[in-house]
Amino acid sequence: MDGNGRWAHGKNLPRSEGHNQGTKTAKAIVEESRRLNIQYLTLYAFSRENWARPKEEVSFLFGLLTRFLKGELQTLVKHDIRLNILGDINDLPLTARKVIEHVCSKTKSNKSMTLNLALNYSGRFEIVRACRLILEQGLSADQIDEKKFSDYLYTADQPDPDLIIRTSGELRISNYLLYQSAYSEFYFTKTLWPDFTTGELHLALEDYASRQRRLGGVDPL
Ligand code: FPP
């Protein structure tokens, strides 16, 4: 969800306004994804690297996230959406953590869509964490293969992402779902996240649908 700051800057507004508007976009995209029967949607909300931002911005972001989740709980329940976190929430401010745990617990049996929020997330850290868990559990080398390894990622039991959308014109992956994105398709757009509409989500999905996914194999005849 990149580009909130630049969106605000372009309108002579404080960065916080960009994040406010970005939250509205997030709501619209979650609702449209559910309507389209997309079963897994992941939003990259806060990386482990984002702690380096000014502490006022960090605390604004967690306040915004907390209000958003409180306000959306009923919608998540109504639309049968499960909230799941990718990342370590123990480092988060206590109020945010409590609300996240509450919403996760109230929605844990929902089946129609999983909404993953990547929070305090880093792809490299996730891989290192998986190694640590495997060592702690005393698994031997011959017990580990690619599938088994993925069971130790935050996304255990979830399919790899088919499509990854990056907004705001940056052409990089920025430590996102590094293991899981091995064969994902990418859609890059210059649109800043606050301006990303459901119409552009449809464009991204149409673009995705036109691609040939060979998954390392050969072209089908
Ligand atoms: C990237 O824009 C955006 C973020 C780091 C924060 C995204 C988080 C929220 C909108 C909080 C609410 C979360 C949800 C799930 C509703 P940027 O600040 O890096 O923009 P820039 O690159 O233009 O400066």
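As the structure lists them, so they are numbered: ligands from 1, and atoms in each ligand from 1. The first residue in the sequence is number 1, and the count goes up from there.
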Practice prompt. Would you mind checking if Lys27 and Glu31 are paired as a salt bridge, meaning a charged N to carboxylate O distance below 4.0 Å?
Written response: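 Yes.
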
Is there a polar contact between ligand 1 and [X], counting only N or O atoms under 3.5 Å apart?
X: Arg6; value: yes
X: Thr23; value: no
X: Asn50; value: no
X: Asn4; value: yes

Worksheet item: Just heavy atoms, cut-off under 4.0 Å: does Arg67 contact ligand 1 by side chain, backbone, both, or neither?
Response: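 It is neither part, as no heavy atom is under 4.0 Å.
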
Worksheet item: Counting each atom of ligand 1 from 1 as listed, which ones have a heavy atom of Leu117 under 4.0 Å away?
Response: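 Heavy-atom distances to Leu117 below 4.0 Å select 15 (C).
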
Practice prompt. For Arg15, counting its heavy atoms only, list the atoms of ligand 1 lying under 4.0 Å from any of them.
Written response: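 Heavy-atom distances to Arg15 below 4.0 Å select 17 (P), 18 (O), 24 (O).
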
Heavy atom of [X] under 4.0 Å from ligand 1?
X: Lys27; result: no
X: Ala45; result: yes
X: His9; result: no

Fill in: Arg48 side chain vs Phe125 backbone, donor-acceptor pair below 3.5 Å
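Absent.
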
Discussion item. Test your reading of the model: is there a side-chain donor-acceptor pair from Tyr208 to the backbone of Tyr187, 3.5 Å cut-off?
Written reply: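 Answer holds: no.
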
Worksheet item: Among Ser47, Gly5, Ser168, which one has a heavy atom closest to atom 20 (O) of ligand 1?
Response: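 Going through Ser47, Gly5, Ser168 one by one, Gly5 has the nearest heavy atom to atom 20 (O) of ligand 1.
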
Worksheet entry | Option of least heavy-atom distance to atom 14 (C) of ligand 1 (set: Leu65, Asp2, Thr25, Leu69) |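 Nearest heavy atom to atom 14 (C) of ligand 1 lies in Leu65.
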
Practice prompt. Considering non-hydrogen atoms only, spot the tightest contact between Tyr154 and Asp88 and give its length.
Written response: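 So the two residues come closest at OH-N, 3.6 Å.
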
Discussion item. For a quick test of reading the model, state the closest non-hydrogen atom pair linking Arg53 to Val58 and the distance between them.
Written reply: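 Residues Arg53 and Val58, closest heavy atoms: O-CG2, 3.8 Å.
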
Worksheet item: Do Arg6 and Trp193 have side-chain heavy atoms sitting under 4.5 Å apart?
Response: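 Arg6 vs Trp193: side chains apart.
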
Worksheet item: NZ of Lys98: more than 12 outside heavy atoms within 6.0 angstrom?
Response: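 Open: at most 12 neighbouring heavy atoms sit under 6.0 Å from NZ of Lys98.
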
Discussion item. Other residues, nucleotides and ligands only: do more than 12 of their heavy atoms fall within 6.0 Å of CZ on Arg124?
Written reply: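 No, CZ of Arg124 has 12 or fewer neighbouring heavy atoms, counting only those of other groups under 6.0 Å.
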
Practice prompt. Verify whether one side chain among Thr107 and Arg82 offers a donor that lies under 3.5 Å from an acceptor in the other.
Written response: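 No, because no side-chain N or O of Thr107 sits under 3.5 Å from a partner of the opposite role on Arg82.
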
Worksheet item: Looking only at protein heavy atoms, which one is nearest to atom 3 (C) of ligand 1, and how far off is it?
Response: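 Looking at atom 3 (C) of ligand 1, the protein heavy atom closest to it is Met1 O, 3.2 Å.
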
